[in-house]
Amino acid sequence: MNCPPVAGQRLQVPQGTYSAAPPAWGDPFTAAPAASVPPPSFDPYSGAIGVPNGPSPFSSAPYAGPPPAALPYSYAPPAGGGYAAPPAYGGLAPGAASPYGAPYSAAPVAPSYSYGAPPAPAGLYGEGSPLGWQPGTYGFEQGDGSTVRFRQFFSRLRGEHTILLGDNSADAFEVNRTEIASTFAWPIAGQIETPLLVTPGFAFNWFNGPEGDPTSMPRGPDLPPRAYDAYVDFSWFPRFSPELGAELGFRTGVWTDFDEVSTDSMRFLGRALGVVTLTPQFELLLGAVYLDRLRVKTLPAGGVRWRPSPEWDLYLVFPNPKIRRTMRSFGSTDWWWYVAGEYGGGSWTVQREDIGDRIDYNDLRLLFGLEWQAATQARGHIEVGYAFDREILFGDSGDPARFLPDDAVMFRIGIGY
């Protein structure tokens, strides 16, 4: 069977010049052609394009010359041609730094604590942890090289649990305390370096012992099974000049078991210390702490803050001194060890067996702890300590007036972000 002939067409590529390198970035029609080279060959089966006796026009980056500055995530082709490695997460070449720095500046400013106390697990009040303040703001670099600085309004969330172990004797007094608090930073007069720190918090206190006999005269030191703290704390670390600053705070709320609520349930606590900076490594602090407890209303506060080297931070300030030293880093997490002293305890209105009362619990504590902070700004601590010179005061009834529990071993763990 004879088939009729089929007409075909011959496709001919015009001879002329061809640029092995594409035009420079910009208008592709305005760039001058490069030196003449033979036209490329095309393999219809593999789709490969090549230039006889010359480099591939696509062996380097698809466009010659650097991209414009408007492109935020760009990388230059490797020297000598070849294909550049694909960018890492975020559009960055492997090992390259982002043109914007880390998401919130290169990192928060290194904690110097120049304007406040180091991040101590316990506060000057001995009732809950104040914010471990780190001066310095966050920020990011813009494409034009300027830096935008800001401070996060929601600054910190933390939780902490403390155990004072009893030994099941009649004079033992065991305390379990769980506290949750969050901190918000509010700039004062636009000063984001030293904002007002507002910290609402709530704590559960579970009491076990000491045992009492309501039929005895005087009655025994019976306590309710639990009491609560509900407070809001205000802290401010102003800097009036390079040499003069302050640590200021005020806390109020209700401390009660919610069975006995009176005007005594609301307390007002405060602290005020002046800070004199003699050198960048040495400061003098002097002031007072108002505790609003039954026996101890006010305590003097003061001492020195000395950082003899980047590894050591000595906050030798009564009533809560702390000596802190840098350990090694594990991955992206920094570690410190520390020893600290603490004036602990609290004050509550409670309902006893058949009488309403206000009680104080006071003690002195010696602690050893480990503290860590991750690159995400998550931080935590774990401590072991010894509580001594313990006392329980019964203010309204005076029945009994005072009880002295046994010493106790203490454990504490906390985490915040």
Visitor: May I ask you to test the Val275-Phe237 pair for a side-chain heavy-atom distance under 4.5 Å?
Guide: no
Visitor: So which heavy atom on Tyr417 is nearest to which on Thr376, and how close?
Guide: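 Closest heavy-atom pair between Tyr417 and Thr376: CE1-O, 2.8 Å.
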Visitor: Do Arg271 and Ser235 have a side chain donor and acceptor closer than 3.5 Å?
Guide: yes
Visitor: Going by salt bridge (charged side-chain N to carboxylate O under 4.0 Å, His left out), name the residues that satisfy it together with Asp360, two or more places apart in sequence or in a different chain.
Guide: none
Visitor: Once side chain to side chain donor-acceptor pair (under 3.5 Å) is applied, do any residues pair with Arg325, and if so which ones, sequence neighbours excluded?
Guide: none
Visitor: Could I get the full list of ring-ring contact (aromatic ring centres under 6.0 Å, His included) partners for Phe207, not counting sequence neighbours?
Guide: Phe173, Trp348
Visitor: Hey, is the main chain of Ala203 close enough, under 3.5 Å, to the side chain of Glu179 for a donor-acceptor pair?
Guide: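 Not confirmed, Glu179 side chain does not pair with Ala203 backbone.
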Visitor: Find the distance between CZ (Phe184) and CG (Leu157) and round it off to the nearest 0.5 Å.
Guide: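 Interatomic distance, Phe184 CZ to Leu157 CG, rounded to 0.5 Å: 8.5 Å.
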Visitor: With sequence neighbours excluded, what pairs up with Val232 under the side chain to side chain contact (heavy atoms under 4.5 Å, CB included) test?
Guide: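 Checked Val232 against side chain to side chain contact (heavy atoms under 4.5 Å, CB included); matches are Val198, Phe234, Thr252.
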Visitor: With sequence neighbours excluded, what pairs up with Trp206 under the side chain to side chain contact (heavy atoms under 4.5 Å, CB included) test?
Guide: Asn176, Thr178, Phe204, Arg226
Visitor: Looking only at non-hydrogen atoms, find the nearest pair between Trp236 and Thr194 and report the distance.
Guide: NE1-O, 3.1 Å
Visitor: With sequence neighbours left out, what residues match Asp334 under salt bridge (charged side-chain N to carboxylate O under 4.0 Å, His left out)?
Guide: none
Visitor: Give me the atom names and distance for the closest heavy-atom approach of Val317 to Leu273.
Guide: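 For Val317 versus Leu273, the nearest heavy atoms are CG1-CD2, 4.0 Å.
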Visitor: Taking only Lys NZ, Arg NE, NH1 and NH2, and the carboxylate oxygens of Asp or Glu, determine whether Lys322 and Glu342 approach each other closer than 4.0 Å.
Guide: no
Visitor: Please round to the nearest 0.5 Å and tell me the distance separating atom CE of Met410 and atom CD of Glu383.
Guide: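 Interatomic distance, Met410 CE to Glu383 CD, rounded to 0.5 Å: 5.5 Å.
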Visitor: Does one side chain, of Arg307 or Thr279, offer a donor that lies under 3.5 Å from an acceptor on the other?
Guide: no
Visitor: Considering non-hydrogen atoms only, spot the tightest contact between Arg390 and Asp406 and give its length.
Guide: NH1-O, 2.6 Å
Visitor: Name all residues meeting the side chain to side chain donor-acceptor pair (under 3.5 Å) criterion together with Asp171; count only those two or more places apart in sequence or in a different chain, and write none if there are none.
Guide: none
Visitor: How far apart are the C-alpha atoms of Asn205 and Tyr228, what are their side-chain angles, what is the distance that settles it, and do they pass the side chain to side chain contact (heavy atoms under 4.5 Å, CB included) test?
Guide: CA-CA 6 Å; Asn205 303 276; Tyr228 308 93; 5.5 Å; no
Visitor: Strictly by modelled atom types, are Tyr386 and Asp407 linked by a side-chain donor-acceptor pair under 3.5 Å?
Guide: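 The answer is yes; a qualifying pair exists.
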Visitor: Under the rule for side chain to side chain contact (heavy atoms under 4.5 Å, CB included), what residues qualify as partners of Leu370, not counting sequence neighbours?
Guide: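 Residues passing side chain to side chain contact (heavy atoms under 4.5 Å, CB included) with Leu370: Met327, Trp335, Trp337, Ile382.
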Visitor: Kindly determine whether Leu285 and Glu247 satisfy side chain to side chain contact (heavy atoms under 4.5 Å, CB included), including the steps that lead there.
Guide: CA-CA 9 Å; Leu285 296 91; Glu247 296 181 9; 3.2 Å; yes
Visitor: Would you please name every residue forming a salt bridge (charged side-chain N to carboxylate O under 4.0 Å, His left out) with Glu243, sequence neighbours left out?
Guide: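 So Glu243 forms no salt bridge (charged side-chain N to carboxylate O under 4.0 Å, His left out) with any residue.
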Visitor: Would Phe258 and Glu260 satisfy side chain to side chain contact (heavy atoms under 4.5 Å, CB included), going step by step from the backbone distance to the final call?
Guide: CA-CA 5 Å; Phe258 290 112; Glu260 176 66 21; over 6 Å; no
Visitor: Does Arg177 offer a backbone N or O that forms a donor-acceptor pair with the side chain of His161 under 3.5 Å?
Guide: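 It does hold such a pair.
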Visitor: I'd like to know whether Thr277 forms a side-chain hydrogen bond (donor to acceptor under 3.5 Å, both in side chains) with Arg239, so could you lay out the CA-CA distance, the side-chain angles of the two residues, the decisive distance to 0.1 Å, and finally the verdict.
Guide: CA-CA 10 Å; Thr277 302; Arg239 199 69 182 178; 2.3 Å; yes
Visitor: Is the backbone N or O of Asp399 less than 3.5 Å from a side-chain atom of Ser397, with the two atoms forming a donor-acceptor pair by type?
Guide: yes
Visitor: Using side chain to side chain contact (heavy atoms under 4.5 Å, CB included) as the criterion, list what pairs up with Ile180, not counting sequence neighbours.
Guide: none
Visitor: Do Tyr315 and Asp313 meet the criterion of a side-chain donor-acceptor pair at a distance under 3.5 Å?
Guide: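 No, Asp313 and Tyr315 have no side-chain donor paired with an acceptor closer than 3.5 Å.
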Visitor: So do the side chains of Tyr338 and Phe368 get within less than 4.5 Å of each other, counting heavy atoms only?
Guide: no
Visitor: Apply salt bridge (charged side-chain N to carboxylate O under 4.0 Å, His left out) to residues Arg295 and Glu391 and explain how you reach the verdict.
Guide: CA-CA 11 Å; Arg295 183 170 61 86; Glu391 67 173 0; 2.3 Å; yes
Visitor: Any chance you could lay out the side chain to side chain contact (heavy atoms under 4.5 Å, CB included) test for Asn362 and Tyr343, step after step, and finish with the verdict?
Guide: CA-CA 7 Å; Asn362 305 310; Tyr343 184 76; 3.7 Å; yes
Visitor: Determine the minimum heavy-atom distance between Ser347 and Arg293, stating which atoms define it.
Guide: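 Minimum heavy-atom contact is CB-CG, 4.4 Å.
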Visitor: What's the separation between atom CG in Leu248 and atom CG in Leu196, rounded to the nearest 0.5 Å?
Guide: 10.0 Å
Visitor: Are the side chain of Trp336 and the backbone of Trp372 linked by a donor-acceptor contact shorter than 3.5 Å?
Guide: no
Visitor: Is Glu371 salt-bridged to Arg379, cutoff N-O under 4.0 Å?
Guide: yes
Visitor: Does Arg251 make a cation-pi contact with Tyr231 (under 6.0 Å, within 45 degrees of the axis)?
Guide: yes
Visitor: What is the minimum heavy-atom distance between Pro210 and Leu223, and which atoms define it?
Guide: CD-CD1, 4.0 Å
Visitor: For a 4.5 angstrom cut-off between non-hydrogen side-chain atoms, does Leu367 reach Val384?
Guide: no
Visitor: Is Arg365 paired with Asp363 through a side-chain N to carboxylate O contact shorter than 4.0 Å?
Guide: yes
Visitor: Is the closest side-chain donor-acceptor distance between His381 and Glu160 under 3.5 Å?
Guide: yes
Visitor: What's the separation between atom CD1 in Ile355 and atom CZ in Phe394, rounded to the nearest 0.5 Å?
Guide: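 Nearest 0.5 Å value for the CD1-CZ distance: 11.0 Å.
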Visitor: Test your reading of the model: is there a side-chain donor-acceptor pair from Arg267 to the backbone of Asp292, 3.5 Å cut-off?
Guide: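 Present.
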Visitor: In plain terms, say whether Asp396 and Arg358 are close enough for a salt bridge, that is, a side-chain N and a carboxylate O under 4.0 Å apart.
Guide: no
Visitor: Taking side chain to side chain donor-acceptor pair (under 3.5 Å) as the definition, give me every residue that meets it alongside Thr256, ordered by chain and number, with sequence neighbours left out.
Guide: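 If we apply the side chain to side chain donor-acceptor pair (under 3.5 Å) test to Thr256, skipping adjacent residues, the hits are Thr349.
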Visitor: Quick one: list whatever passes side chain to side chain donor-acceptor pair (under 3.5 Å) with Asp259, sequence neighbours left out.
Guide: none
Visitor: Determine whether Leu165 and Phe411 make a side-chain contact, defined as any pair of heavy atoms from C-beta on separated by less than 4.5 Å.
Guide: yes
